[in-house]
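All remarks here apply to the structure that follows.
Since we're looking at a predicted model, the values are computed, not measured. Counting starts at 1 for both ligands and their atoms, in listed order.
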Amino acid sequence: MAVTQEPKTVTILGSTGSVGCNTLDLIGRNPDAYDVIALTANRNVTKLAEQAKIFKAKTAVIADESCYGELKDALSGTDIRVAAGQQALDDAAQLSAEWVMASIVGAAGLRPTLSAIRRGATVALANKECLVCAGDLMMHEVRHHNATLLPVDSEHNAIFQVFDFERAESVDSITLTASGGPFINSSREDMATVAPEQAVNHPNWDMGAKISVDSATMMNKGLEMIEAYHLFPIEPDQIDVIVHPQSVIHSMVTYEDGSVLAQLGAPDMRIAISYTLGWPNRIETPAKKLNLKELARLDFLEPDQIRFPALRIAREALHLGGTAPTILNAANEVAVIAFLEGRIGFLDIVGVVEETLTKVETSALNCLKMVHDIDSQSRAVAQEIIGRL
Ligand code: NDP
């Protein structure tokens with residue numbers, strides 16, 4: 001007799017973004033297996049309303065309160081509950097979905113992600129900025145509330161798949177692979193004049209604007225080092241970065257006996273997302289299967305820390321700990337927006353981050369209120385630096 005399984009209840013924080021849409025793509029391929037509890041966005045009313053109708057969401061939340069009326073109109077005649085604002089976002093995360101995708105971009109995702117963690121949900125974490133700005137505190141909450149955190153970032157998802165958590169002491173190091181971004185072969189002179197459209201044009205991955213710029217400066221890999229430090233039982237010096245332009249090896253773990261375990265796949269986020277959606281089972285995805293004969297070769301290079309100083313700066317922040325990563329993240333978010341809006345040049349992004357780190361005093365990070373305060377202070381300092389530029 002066939003056993004019918006109850007649909008898995010899911011909520012997607014940031015459903016209108018690149019990760020959110022990829023998640024819904026997977027859900028849409030097997031709609032009977034899922035029950036969508038809540039979908040959220042920042043301002044994109046049209047897409048949110050469309051998704052909420054297609055996926056029969058129970059609740060749709062728009063973070064920007066000024067968009068409430070528009071969303072309410074767009075969903076009139078349906079029984080989808082509509083809400084707006086920060087508190088509504090937290091409330092959506094608290095609704096009883098078993099599985100929550102945390103795919104809001106930036107530190108703005110911290111509060112709702114914590115709300116899901118605090119009710120012991122299974123949280124698929126794409127929003128790396130959360131862990132960068134509040135890693136120790138967030139991991140404490142995960143343990144305290146017995147929540148399950150599943151890494152979505154392809155590198156961390158790869159490591160999660162091959163890391164022997166039972167014998168963590170046998171791990172020698174982990175290696176995060178980096179594509180090198182669109183400017184892998186550009187000189188600093190060339191990078192000084194690149195336009196936002198060039199920076200968001202990633203060679204291998206189709207992603208949101210912020211992470212695409214982070215990949216271009218390689219700050220993304222810096223943020224990922226900090227993310228990895230919090231997700232896995234390892235020390236900062238055990239985290240290595242290698243440039244691998246084909247983005248086929250998503251990351252690897254080296255064990256003390258010299259064995260290296262890696263996860264490979266096409267550069268398609270649906271593979272990593274599906275791993276967390278089906279976890280602990282694997283589910284089918286439409287991602288292209290890897291054809292190594294067609295690929296023929298895989299290349300590896302040492303990251304160039306002169307052309308891409310973000311890696312060094314992020315590593316220093318990781319070593320410093322406390323509020324340093326919070327400052328780094330806030331300054332980077334502000335600088336990336338300024339670059340996308342044409343207010344500063346590409347090379348200024350990392351310059352703003354470095355200068356902010358010298359201007360905001362670092363200390364231990366004791367509570368979530370401090371994360372908020374340091375984040376606001378760092379954003380103000382970064383804005384001031386940008387104003388001078
Ligand atoms: P996008 O910019 O494509 O999407 C961001 C989502 O967050 C959108 O739904 C957006 O809503 C919402 N959002 C933005 N700002 C706020 C806010 N202040 N409050 C509430 N919601 C907000 O980002 P990505 O999907 O590319 O990335 C999401 C996260 O996942 C990032 O942390 C990124 O680093 C990480 N990640 C992304 C990968 C990718 O392939 N894209 C790969 C690995 C990690 P709206 O549409 O209305 O603006």
Could you list which atoms of ligand 1 come closer than 4.0 Å to a heavy atom of [X]?
X: Val19; result: 25 (O), 30 (O), 37 (C), 38 (C), 39 (C), 41 (N)
X: Leu89; result: 20 (C)
X: Met207; result: 39 (C), 40 (O), 41 (N)
X: Arg43; result: 45 (P), 47 (O)
X: Asn127; result: 32 (O)
X: Gly14; result: 6 (C), 7 (O), 9 (O)
X: Ala108; result: 17 (C), 18 (N)
X: Ala126; result: 30 (O), 32 (O), 35 (C), 36 (N), 44 (C)

Best match, [options]: closest heavy atom to [atom]:
atom: atom 31 (C) of ligand 1; options: His202, Glu155, Glu129; value: Glu129
atom: atom 11 (O) of ligand 1; options: Asn42, Thr40, Ile12; value: Asn42
atom: atom 44 (C) of ligand 1; options: Asp153, Leu13, Asp64, Ile62; value: Asp153

Please give me the minimum heavy-atom distance between [X] and [Y], naming the atom from each residue.
X: Ala382; Y: Val352; result: CB-CG1, 3.9 Å
X: Pro245; Y: Asp299; result: CD-O, 3.4 Å
X: Val334; Y: Arg379; result: CG2-CG, 3.4 Å
X: Ala314; Y: Met219; result: CB-SD, 4.4 Å

Is a side-chain donor or acceptor of [X] paired with a backbone partner of [Y] at a separation under 3.5 angstrom?
X: Thr323; Y: Ser363; value: yes
X: Ser15; Y: Thr40; value: yes
X: Lys289; Y: Ala266; value: no
X: Glu333; Y: Ala107; value: yes
X: His250; Y: Gly265; value: yes
X: His156; Y: Leu231; value: no

Report yes if [X] has an N/O atom closer than 3.5 Å to an N/O atom of ligand 1; otherwise report no.
X: Gln86; value: no
X: Gly208; value: yes
X: Ser18; value: yes
X: Asn44; value: yes

Protein contact to [atom] [nearest heavy atom, distance to 0.1 Å]:
atom: atom 4 (O) of ligand 1; answer: Gly17 CA, 3.1 Å
atom: atom 33 (C) of ligand 1; answer: Ile211 CD1, 3.9 Å
atom: atom 6 (C) of ligand 1; answer: Ser103 O, 3.6 Å
atom: atom 45 (P) of ligand 1; answer: Thr16 OG1, 3.4 Å
atom: atom 34 (O) of ligand 1; answer: Lys128 CE, 3.2 Å
atom: atom 29 (C) of ligand 1; answer: Ile104 O, 3.7 Å

For Ile337, the rest of its hydrophobic cluster, which grows through side-chain links under 4.5 angstrom: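 Joined to Ile337, directly or through intermediates: none.
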
Side-chain ion pair, Glu129 and Lys210, N-O less than 4.0 Å: yes

Would you mind checking if Lys47 and Glu50 are paired as a salt bridge, meaning a charged N to carboxylate O distance below 4.0 Å? no

So for Ala63 against ligand 1, with non-hydrogen atoms under 4.0 Å, the contacting part is side chain

Side chain, backbone, both or neither: Val105 near ligand 1, heavy atoms under 4.0 Å: both

Parallel, tilted or perpendicular, as decided by the 30° and 60° cut-offs, for the rings of Phe160 and Trp279: tilted

Can a non-hydrogen atom of Met269 be found less than 4.0 Å from any atom of ligand 1?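 Yes.
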
